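Structure first, commentary second.
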Protein chains: 2
Amino acid sequence: MRYEGPSADLDRTLMALADPIRRRILQRLAASEARVTDVAAEFSISLNSVSKHIRLLERARLIERNVSGRDHILRFRPEPLSEAQQWIAAQQSFWASRLQAIDDLLTAEDATSEIRPPKEKKRVRKA
Amino acid sequence: MRYEGPSADLDRTLMALADPIRRRILQRLAASEARVTDVAAEFSISLNSVSKHIRLLERARLIERNVSGRDHILRFRPEPLSEAQQWIAAQQSFWASRLQAIDDLLTAEDATSEIRPPKEKKRVRKA
DNA sequence: GCATCATTCATCCTTTTCGGTGAATTATGT
DNA sequence: ACATAATTCACCGAAAAGGATGAATGATGC
């Protein structure tokens, strides 16, 4: 029983991106649309295997399928990438803001200690 | 035998981010550093399980370990996130540039077809 | 010495992923 | 009718991931 977080979407997106072959398929489809058979041929894996990858990418809505006759035309959908990118950016900026907070704290300390700043007094070990 | 792409780093990063628990651990560590025991307690999973997650995150260099006495202080390292972000951005911009190219093409066509544009002549089916 | 933090190793379990095969099925193009 | 595109189903197998447990080890704090 795997814990399902609040955003199953992000889960599916990152799961789909985690596999190198799926990333290559995505890159291929970003260049131009293609049929399932084309993808299978270009990556020399069985049609059955491709179907599974396609299914995962489709579930993550990173691929759109357009049935045209007997061909299934696969198109790249970049939309879900935004959420992944935003999550990553959020962690980075969160971390950056923490650094800023620490910096502010130190600056404030420096400002307070205008009357003789006791440098090298951080991390005192048994003073 | 899994295919190892040209960037095993990106692989490890996205693999690490693919799991929701690891993402929560990362978020937690982005807020402030913590010990292994702390993480285990806060997410109520066994110390053994946490170790494995930490190992994966460490292998992806998303976490830095700093042994201080008997405590292992875990710190968030945002650096590897850049590569992941860049890959995603590349796909998005690649796709956007394709759209732009198509747009340019259509505009060029329109400009050329100033002398009577034969609309609906694409995808001719047995004329 | 003893408790604590953390790792590692050895198991075990279940589930998932990734790959394949083979056969059946549906729909379509020719 | 026949070939093609693609799916699905039923398998198989190997590997990895996630979780747990228990025991041992090492380093450290008290």
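Here the structure is a predicted model, which means the values were calculated and not measured. A, B, ... follow the sequence lines: proteins, then strands. Residue 1 opens every chain.
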Original post:
What residues in residues 48-64 of chain A put a non-hydrogen atom under 4.0 Å from any atom of DNA chain D?
Top reply: Asn48(A), Ser51(A)

Subject >> Given dT7(D), dA20(D), dT7(C), the nucleotide with the shortest approach to the side chain of Leu47(B) >> reply: dT7(C)

Original post:
Nearest-Å distance, CG (Asp19(B)) to P (dA16(D))?
Top reply: 17 Å

**OP:** Could you tell me the separation between the CG atom of Asn66(B) and the P atom of dT7(C), rounded to a whole number of Å?
**Re:** 13 Å

**OP:** Using atom types as modelled and distance alone, determine if a side-chain donor or acceptor of Arg22(B) lies under 3.5 Å from a backbone N or O of Met15(B).
**Re:** yes

**OP:** Output yes when Arg23(B) and Asp11(A) qualify as a salt bridge under the 4.0 Å nitrogen-oxygen rule, no when they do not.
**Re:** yes

Original post:
Around Arg75(A), counting heavy atoms of other residues, nucleotides and ligands shown, do more than 12 lie under 6.0 Å from its CZ?
Top reply: yes

Original post:
Within this structure, what is the CD1-to-P distance between Ile25(B) and dG19(D), rounded to whole angstrom?
Top reply: 9 Å

Original post:
Sub-3.5 Å donor-acceptor pair from the side chain of Ser44(A) to the main-chain atoms of Ala41(A), do we have one?
Top reply: no

**OP:** Report the distance from atom CD1 of Ile45(B) to atom C1' of dT21(D), rounded to the nearest whole Å.
**Re:** 15 Å

**OP:** Would you give the length of the straight line joining atom CG of Leu29(A) to atom CG of Leu62(A), rounded to the nearest 0.5 angstrom?
**Re:** 10.5 Å

Original post:
How close or far is atom P of dG18(D) from atom CZ of Arg24(B), stated in whole angstroms?
Top reply: 14 Å

Subject >> Per Val36(A) side chain, nearest of listed nucleotides dT7(C), dG18(D), dT7(D) >> reply: dT7(D)

Original post:
Once each nucleotide of nucleotides 24-30 of chain D is scored for protein heavy atoms under 4.0 Å, what B/S/- sequence comes out, 5' to 3'?
Top reply: ----BS-

Original post:
Atom CZ of Arg22(B) and atom C1' of dA16(D): how far apart are they, to the nearest Å?
Top reply: 11 Å

Subject >> Spacing of His72(A) atom NE2 relative to dT8(D) atom C1', expressed in whole Å >> reply: 12 Å

Original post:
To the nearest angstrom, how far is Ile73(B) atom CD1 from dT4(C) atom C1'?
Top reply: 14 Å

Original post:
Do Leu74(B) and Leu56(B) belong to the same hydrophobic cluster, where Ile, Leu, Val, Met, Phe, Trp and Tyr are linked whenever their side-chain heavy atoms lie under 4.5 Å apart, directly or via other members?
Top reply: no

Original post:
Can you name the side-chain contact (heavy atoms from CB on, under 4.5 Å) partners of Arg70(A), sequence neighbours left out?
Top reply: none

Original post:
Do Arg65(B) and His72(B) come within less than 4.5 Å of each other through their side chains, counting heavy atoms only?
Top reply: yes

Original post:
Would you say the side-chain atoms of Arg35(A) pair up with the backbone N or O of Val39(A), donor to acceptor, closer than 3.5 Å?
Top reply: no

